[in-house]
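Here's the structure, in structure tokens; my notes come after.
The sequence lines fix the lettering, A, B, ..., with proteins before strands; numbering per chain opens at 1. What you see below is based on every heavy atom in this structure, not just the backbone, and it leaves out hydrogens, waters and symmetry mates.
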Protein chains: 2
Amino acid sequence: MVRRAASEGEDRRPTTIRDVAAHAGVSVATVSRILSGTYPSAPATRSKVMRAVRELDYVANANARNLAGASSRSVAIIVNSVVSPHYAHVAQGVQTQAALEGKLCIVGTTGGDPERELATVQLMRQEHAECVILVGNVVADDAYRERMGDYARALALAGSRLVLCGRPALGPDVPALVVEYDNTGGAYAITSHLLSAGHRRILFLGRRAGHTTPDSRIAGYRNALADHRVPHDPGLELDGTMERGEGYRMIRQRLEAGPPDFTAVFAVNDQIAAGARQALREQGLRVPDDISMVGFDDLPPAADIDLTTVHVPHEELGRTAVRMALERGRDKTGQAEHVMLGTHIIVRDSVRPLRPTPQP
Amino acid sequence: MVRRAASEGEDRRPTTIRDVAAHAGVSVATVSRILSGTYPSAPATRSKVMRAVRELDYVANANARNLAGASSRSVAIIVNSVVSPHYAHVAQGVQTQAALEGKLCIVGTTGGDPERELATVQLMRQEHAECVILVGNVVADDAYRERMGDYARALALAGSRLVLCGRPALGPDVPALVVEYDNTGGAYAITSHLLSAGHRRILFLGRRAGHTTPDSRIAGYRNALADHRVPHDPGLELDGTMERGEGYRMIRQRLEAGPPDFTAVFAVNDQIAAGARQALREQGLRVPDDISMVGFDDLPPAADIDLTTVHVPHEELGRTAVRMALERGRDKTGQAEHVMLGTHIIVRDSVRPLRPTPQP
DNA sequence: AGCATGTGTGTAAACGGTTTACTAGCTTGT
DNA sequence: ACAAGCTAGTAAACCGTTTACACACATGCT
């Protein structure tokens, strides 16, 4: 970047393509064609123009470009919160892939409020983003389905597309793309891991009926119990949200009501596990010596507390969302509209085999 | 949002203001004026127009709007990485304040690479963002200063402004805003906290000469030692970056070289502390029983490991950056160009008083 | 009644690019 | 040597808004 000479009066206007054309002694169309590169041009002209661009430190006005051309070179991501590791990692993937494709990334947060979600989608629609990626856990009721249908149709009409990321698919008539990951499979695998270690009474932390993410994780938990012929005790499923403090609260309340009637804990995510672990410790119970514990997500808190957990490919989720949306933009023929990414266990040091009988 | 009737042929064009005007039977100027609201209009006309907007599910084209009008309604933030808690929290603050002011937020990541930083700034310049917020630790050499000066001037020329967030100020001739927080003061306070508990040999983890954040934190550490008349031992300052693994590495290497010759650890940030704590534990040393430890940032890993640390107002940093930039846009008269936010200690359970003599 | 005022709406010119129909200047084929 | 075929560059139309300016029409004052 070269400091631009503050010559020719106190001109406060930024440099336009016209200035570049004048400086190079050609027409604006020539400059435009040379800059977009999609046109044969004499090397001499080309270098003249490029020199003018450099000397004037010219950058094109994206607004004008988007207005005249078709595509807007931007992808939008809408999350509950940027600081939640889950969303942050997906956002990182989106941002990475967007940068790779030369697009920029606009983000909006909703705090989980459908009203703000709507407002944000409208904002992205105004901005003519090439795609709008909605990520995360949600209650999948009829209102939700209708809302998403509306978004999808409105965006499709504007040449954009809706991508649902880690959310359940909608009907086949709705023009939305879906990228999911295998919650139920991961939960099944890690529950089996606990069962194989001999645990039979496994506390599930973070049930929340109607919310898609906890719902599909608890489904895996139940399936595993059933397949291992372990009786299912609904009293072992504790309700709560997905924030750290809730994990603390749930364990705290459970232990205040009486001594532990479980040997292992399956936390709906790593943050819950971290909170639960703290509550256990405060009651003199150590993980994994006294209680085994597993989580879900494989995000920062997990490594810090040596937690065995399920790895979720968060960044890949974000990258795939962008890739799918842009591919479909390029070439409309029969691409996947629905992708399911796999999950797998990460073993650390938070599970101990259960001795079948008390020590002699 | 109302589903738009797919009438009148296979018209793939999104609804424009002209369509709305035609539908309502008024001119485009009237629609524009009513929608921007900054103009008197007859109630009858107004409701006609609003009805047309609703029926056609019209949203304005932001590109056209920005091109014609002056301001661009968007705020840009450029960070090293979205997943780092430090950046994520600042970004959250930026996003929050932007939403509050009705702007949207575009993000770019650099991975710490100056080349990508430049490219991203250019992108934001193209986009005509109202301000560009650069956040985070950096080597403050001459190349850096020159680069920032170039950015600032180029942005100012385009009516935008550069905001440096958690970075050192530049010369007074550079048109940039600065929002800092008190690294040195916080480090001084928490070092004093350790000293008051009787610790004399405090290991500093994460020195990195030339990098502004570690530099100003270690300065506070040294000042506190000096003020307490504790001899400064350079051998207690260990070099390293600010990632978790480095904390682990530094402690590991130190303990392999010999038994601990320190009673407390001051980690340059909480993530380093988390890594260091793990390494200590693997050598059978417990925090705080065997070794006291403090960190810096008060970000997620801190609460999980019960770490006494320095609270940094990350979100406030982001919010302030946006507020300053937009205020200056509204009213150019003598606002602060440089704000320093305070920091304070958060006491948890990672420091024990040192017994003056070994136990009998 | 006649003129200054004020209110609400319409017209048309930007805004800064891209795109396309068209023209001028060179080869090239026969 | 002349029509034909390419290339490189030009000029004008357009993208969807905002906004100065003009205009009609009702109202208030003398």
Side-chain angles (χ1 to χ4, degrees), chain A residues 11-50 52-53 56-74 125-128 157-160, chain B residues 11-50 52-53 56-74 122-123 125-128 157-160:
Chain A
D11 183 13
R12 229 66 188 88
R13 254 178 44 266
T15 315
T16 75
I17 197 172
R18 258 179 281 275
D19 303 331
V20 175
H23 194 89
V26 297
S27 75
V28 293
T30 304
V31 176
S32 171
R33 284 197 281 239
I34 285 176
L35 288 184
S36 38
T38 68
Y39 207 82
S41 55
T45 318
R46 199 185 143 67
S47 69
K48 261 196 308 188
V49 169
M50 294 315 277
V53 166
L56 298 175
D57 190 22
Y58 167 76
V59 293
N61 181 329
N63 291 312
R65 172 174 295 194
N66 297 159
L67 184 55
S71 72
S72 85
R73 327 200 163 300
S74 64
R125 205 139 79 82
Q126 289 193 194
E127 217 65 23
H128 281 223
L157 217 55
S160 179
Chain B
D11 183 11
R12 230 64 189 88
R13 255 179 44 268
T15 316
T16 76
I17 197 173
R18 254 181 285 273
D19 302 331
V20 175
H23 195 89
V26 297
S27 76
V28 292
T30 303
V31 176
S32 169
R33 284 195 278 244
I34 284 175
L35 288 184
S36 36
T38 67
Y39 213 82
S41 55
T45 319
R46 197 185 143 68
S47 68
K48 260 195 310 187
V49 169
M50 294 315 277
V53 166
L56 298 175
D57 189 22
Y58 166 77
V59 293
N61 181 329
N63 291 312
R65 171 174 295 192
N66 296 338
L67 184 55
S71 72
S72 86
R73 327 201 166 298
S74 65
Q122 299 288 49
L123 224 56
R125 205 138 79 78
Q126 289 192 195
E127 216 65 21
H128 282 222
L157 216 55
S160 178

Spacing of R18(B) atom CZ relative to dA12(C) atom P, expressed in whole Å: 13 Å
Taking CZ from R65(B) and C1' from dT17(D), how many angstroms apart are they, rounded to a whole number? 8 Å
Checking only heavy atoms, does the side chain of R33(B) share a donor-acceptor pair with the base of dT17(D) at less than 3.5 Å? no
Side-chain N,O (Y58(A)) to OP1/OP2 (dG17(C)) below 4.0 Å: yes
Keeping the roles fixed (side chain from N66(A), backbone from N63(A)), state whether a donor-acceptor pair exists under 3.5 Å. no
Side-chain N or O of T30(B) versus OP1/OP2 of dT9(C): is the shortest distance under 4.0 Å? no
Between S32(B) and V28(B), is there a donor-acceptor pair closer than 3.5 Å when you use the side chain of the first and the backbone of the second? no
Identify, between P43(B) and A64(B), the residue whose nearest nucleotide on DNA chain C lies closer to the 5' end. P43(B)
Contact class for T16(B) (heavy atom, under 4.0 Å): base, sugar-phosphate, or nothing? sugar-phosphate
Whole-Å distance separating the CG atom of N63(B) from the P atom of dT18(D): 13 Å
Calculate the interatomic distance between N61(A) atom CG and dG16(D) atom P; express it in whole Å. 16 Å
Which of these nucleotides, dG10(C), dG16(D), dT9(C), is closest to any side-chain atom of A68(B)? dG16(D)
Whole-Å distance separating the CG atom of N66(A) from the C1' atom of dC15(C): 14 Å
Nearest whole angstrom, please: distance from the P of dG10(C) to the CD1 of I17(B). 12 Å
So CD1 of I17(A) and CG of L56(A): to nearest 0.5 Å the spacing works out to 12.0 Å
So what does A29(B) touch, heavy atoms closer than 4.0 Å: a base, only the sugar-phosphate, or nothing? base
Here the distance between atom P of dT18(D) and atom CG of L35(B), to the nearest Å, is 7 Å
How is S36(A) classified with respect to the nucleic acid when contacts are heavy atoms under 4.0 Å: base, sugar-phosphate, or nothing? nothing
To the nearest Å, give me how far apart CD (Q126(B)) and P (dC15(C)) are. 20 Å
Under 4.0 Å between a side-chain N/O of T45(A) and OP1 or OP2 of dG9(D), yes or no? yes
Is V26(B) touching bases, backbone alone, or none of the nucleic acid, heavy atoms closer than 4.0 Å? sugar-phosphate
Inter-residue atom distance E127(B).CD - R65(A).CZ, 0.5 Å rounding: 10.0 Å
Should S32(B) be listed as having a side-chain N or O under 4.0 Å from OP1 or OP2 of dT18(D)? yes
I need the single residue from I34(B), V31(B), V26(B) that forms a side-chain contact (heavy atoms from CB on, under 4.5 Å) with V20(B). Which is it? V31(B)
